[in-house]
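Below is one structure, written out as structure tokens; the observations come after it.
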Amino acid sequence: MFQAVVKTLCVASTRSVSRGILCTRHYCKKTPTKLRVSEAISGAELGANIKVQGWVRSVRPQKTNLFLNVNDGSSLQSLQIVATSELNDPLLTFGSAVEVTGTLKKSPHQKQTVELQAEQIHVIGECNPVDFPFKIKERHGLEYIRQFPHLRCRTNVFSSLLRIRSEATSAIHSYFKENGFVQINTPVITSNDCEGAGELFQVEPPSPENKEDQNFFSVPAFLTVSGQLHLEAMSGAFSKVYTFGPTFRAENSQSRRHLAEFYMVEAEVSFTQSLEDLTKVMEDMFRSATEQILAHCAEDVDLFHKHVTPGHRDTIDATLKRKFPMITYSEAIDILNRSSEKFAFPTDWGCDLQKEHEKYLVKHCGNIPVFVTDYPYDLKPFYARDNQDRPNHTAAAVDLLVPGVGELCGGSLREERLDLLRARLEEYLDLRSFGSVPHGGFGLGFERYLQCILGVDNIKDVIPFPRFSHSCLL
């Protein structure tokens, strides 16, 4: 009985088509399963009728067959499509967007485990390969692809970077969640200059309603340089908090180390009077995130370590095997002064450490990350806890220096003692007046972290859309 019903439906469907009536339901043919390229490559749907959508990475027409490689950004690997020459189309070019349906089969070739035997190929978006800035058989350097911020995601190297960046974001959130931190969304628009350097972008309305008051909030407002002060407020109710979001610095620098817009990971820990409590979080977070990235993005990381920054994998492996050493600022100055290096910047006690100093200290300590603690009091912000030591007056502050980058994390214990704060800054007292506890925190530059694990020299190559002079502002 069931077979008779199916046969009747099939006949009815065929007759409807022959009469020019569009069938809205296909009873005789199973709808292909839509898969991402990464899912197809895994071979889980071997033998199934599937559909993939993506962009053509290569086209190889032959007399009787057509071979395509299609990628949709889900994997570094592309899926090989095998079709008859009848399915070739003049619009089927490198860079074009396609939809392919067919049967997923085991490949007879060693270069890939599976291939898609195509039944239909539909060109969804055309691409003129002559005008397309990336060529099919060329390996383009980071400096070249940086000229095309809206298209560089179509290259292997940058699509790998974006998958790694996505995994790194997930890994950092996972670390904090697993260790009892509460995520706080701190404001992007604020009235404070947390860093005190004055490098802020001011936010103003286009045409204020009140001509006498040019400020939208009645006070000057800026794009945030740090969420730290807001985290400090939250640390009065939560013992562990963190934020992960965009920050902005109006620093007039076009160097390979600076960005006007970047992402910061910041954390605050209450009930601590020990820098070791902060350095443990910094080190554990670094290790946990890096191990997760290496485990889940192995192919993408290998692309960088083999073709972009050869040899950098040895540095990362050494970093993960050893505990990060810790030295004081005074010990660091002594190491610099005893070296045979000729530094461009002075190395007197009380001077700020420059990148050349940081790189030397990292190399001196075995080319692995190193903590530098107890900086001169005058070098650190007013909220850094006073060590009250003499003759060298220091603050309970710490920086994490890493290979190739220099400073990655910066933090300190916060000054909670009202009698010391009162003499320094009256406006800061309200956060300390009601149930204040000893606490500390730090900030990590997310793009610098990516530079560190991948060995990338220019910070503009680890962010999707860097903001700098002559950049493409989409």
Side-chain angles (χ1 to χ4, degrees), residues 36-38 41 52-61 66-81 88-100 111 121-167 253-263 297 299-310 312 447 450-451 454-474:
R36 292 180 297 154
V37 165
S38 59
I41 289 173
V52 296
Q53 298 165 324
W55 293 267
V56 175
R57 289 293 180 88
S58 69
V59 185
R60 303 188 306 280
L66 170 69
F67 295 91
L68 305 175
N69 279 337
V70 173
N71 192 287
D72 64 356
S74 62
S75 167
L76 178 60
Q77 294 185 52
S78 297
L79 177 64
Q80 176 164 282
I81 312 295
N88 200 355
D89 187 320
L91 299 179
L92 207 55
T93 61
F94 173 60
S96 61
V98 296
E99 179 179 277
V100 184
K111 289 187 177 181
I121 301 176
H122 177 51
V123 178
I124 296 175
E126 302 174 26
C127 178
N128 186 334
V130 176
D131 297 334
F132 194 48
F134 307 121
K135 304 309 175 186
I136 192 168
K137 292 184 178 180
E138 292 183 25
R139 181 174 293 168
H140 304 90
L142 294 176
E143 187 173 352
Y144 175 77
I145 69 173
R146 199 183 307 136
Q147 301 174 70
F148 310 97
H150 59 305
L151 293 174
R152 62 179 179 168
C153 56
R154 304 279 288 275
T155 65
N156 277 342
V157 66
F158 206 72
S159 64
S160 285
L161 179 279
L162 293 177
R163 284 188 292 271
I164 293 168
R165 185 183 173 100
S166 177
E167 188 64 38
S253 173
Q254 304 300 325
S255 78
R256 59 187 59 242
R257 297 190 66 208
H258 297 94
L259 291 169
E261 176 186 350
F262 57 98
Y263 278 69
C297 297
E299 283 188 320
D300 293 315
V301 173
D302 284 346
L303 173 68
F304 276 86
H305 290 166
K306 288 179 180 178
H307 302 296
V308 182
T309 55
H312 190 69
E447 282 74 25
L450 294 173
Q451 281 186 280
L454 297 176
V456 176
D457 186 49
N458 195 317
I459 197 169
K460 296 173 181 63
D461 294 325
V462 292
I463 191 168
F465 297 101
R467 304 303 192 198
F468 59 97
S469 294
H470 312 299
S471 67
C472 180
L473 301 178
L474 296 180

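Heavy atoms only: backbone and side chains are in, while hydrogens, waters and symmetry mates are out.
Atom SG of residue Cys297 and atom CG of residue Leu303 lie 12.0 Å apart, to the nearest 0.5 angstrom. Between the CG atom in Asn71 and the CG atom in Leu79 there is a gap of 9.5 Å [rounded to 0.5 Å]. Note that CG of Asp457 is 10.5 Å distant from CD of Glu143, once rounded to the nearest 0.5 Å. The CD atom of Gln77 lies 10.0 Å from the OG atom of Ser38; values are rounded to the nearest 0.5 Å. Between the CD1 atom in Ile41 and the OG atom in Ser78 there is a gap of 7.0 Å [rounded to 0.5 Å]. Between the CD atom in Gln451 and the CD1 atom in Ile463 there is a gap of 10.5 Å [rounded to 0.5 Å].
With respect to the salt-bridge test (charged N to carboxylate O, under 4.0 angstrom), the residues Asp300 and Arg163 qualify.
Using a 4.5 Å heavy-atom cutoff, the side chains of Trp55 and Val98 are not in contact. Within the 4.5 Å cutoff, the side chain of Leu91 has no heavy atoms near those of the Ser96 side chain. Side-chain contact between Thr93 and Phe132 is absent, with no heavy-atom pair separated by less than 4.5 Å. For the pair Ile81/Phe67, no side-chain contact is recorded, criterion being any heavy-atom separation below 4.5 Å from C-beta on. Side chains of Val301 and Ile164 form a contact here, defined as non-hydrogen atoms less than 4.5 Å apart.
Under the 3.5 Å distance criterion, the side-chain polar atoms of Arg152 are matched with a main-chain donor or acceptor of Pro464. At distances below 3.5 Å, at least one donor-acceptor pair connects side-chain atoms of Ser159 with backbone N or O atoms of Thr155. A donor-acceptor pair is defined here as one N or O able to donate and one able to accept, closer than 3.5 Å; no such pair exists between the side chain of Arg60 and the backbone of Leu66.
Closest approach of Phe158 and Asp461 over heavy atoms only: CE1-O, 3.6 Å. A pairwise comparison of heavy atoms in Ile459 and Val462 identifies O-CG2, 3.1 Å as the closest pair. Heavy-atom minimum distance, Ser160 versus Leu76: OG-CD1, 3.5 Å. When every heavy atom of Pro61 is checked against every heavy atom of Asn88, the shortest pair comes out as CB-ND2, 3.6 Å. Shown here for Leu92 and Ile121, the closest heavy-atom pair between the two residues is CD1-CG2, 3.9 Å. Smallest separation of non-hydrogen atoms from Ile136 and Phe94: N-CE2, 3.7 Å.
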field: Test log, rule side chain to side chain contact (heavy atoms under 4.5 Å, CB included), inputs Glu99 and Val52
entry: CA-CA 6 Å; Glu99 179 179 277; Val52 296; over 6 Å; no

message: For a side chain to side chain contact (heavy atoms under 4.5 Å, CB included) check, start with the C-alpha distance between Ile145 and Val157, then their side-chain angles and the critical distance, and finish with the verdict.
response: CA-CA 10 Å; Ile145 69 173; Val157 66; 3.6 Å; yes

message: One pair to check against side chain to side chain contact (heavy atoms under 4.5 Å, CB included): Leu259 and Glu447. What are the steps and the verdict?
response: CA-CA 9 Å; Leu259 291 169; Glu447 282 74 25; 4.0 Å; yes

Only distances under 3.5 Å count here; give the side-chain donor-acceptor pairs of residues 124-131 to other protein atoms, sequence neighbours excluded, each with its distance to 0.1 Å.
residue: Asn128; atom: OD1; partner: Val130; partner atom: N; Å: 2.9
residue: Asn128; atom: ND2; partner: Asp131; partner atom: OD2; Å: 3.3

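With sequence neighbours excluded, the residues satisfying ring pair (Phe, Tyr, Trp, His ring centres under 6.0 Å) with His305 are His312. In this structure Tyr144 satisfies the ring pair (Phe, Tyr, Trp, His ring centres under 6.0 Å) test together with His140, Phe148, sequence neighbours excluded. Applying the side-chain hydrogen bond (donor to acceptor under 3.5 Å, both in side chains) test to Glu261 and every residue at least two apart in sequence or in another chain returns nothing. In this structure Asp89 satisfies the side-chain hydrogen bond (donor to acceptor under 3.5 Å, both in side chains) test with no other residue, sequence neighbours excluded. For Glu167, the salt bridge (Lys or Arg N to Asp or Glu O under 4.0 Å) test picks out no residue, with sequence neighbours left out.
No more than 12 heavy atoms of other residues, nucleotides or ligands sit less than 6.0 Å from atom NZ of Lys306.
For the residue pair Ser58/Asn69, the side-chain donor-acceptor check at 3.5 Å is satisfied. Side-chain contact check for Asn156 and Arg57: at least one donor-acceptor pair (N or O, by modelled atom type) lies under 3.5 Å.
Remark: Arg165 qualifies as a cation-pi partner of Tyr263 under the 6.0 Å distance and 45° angle criteria applied to the six-membered ring.
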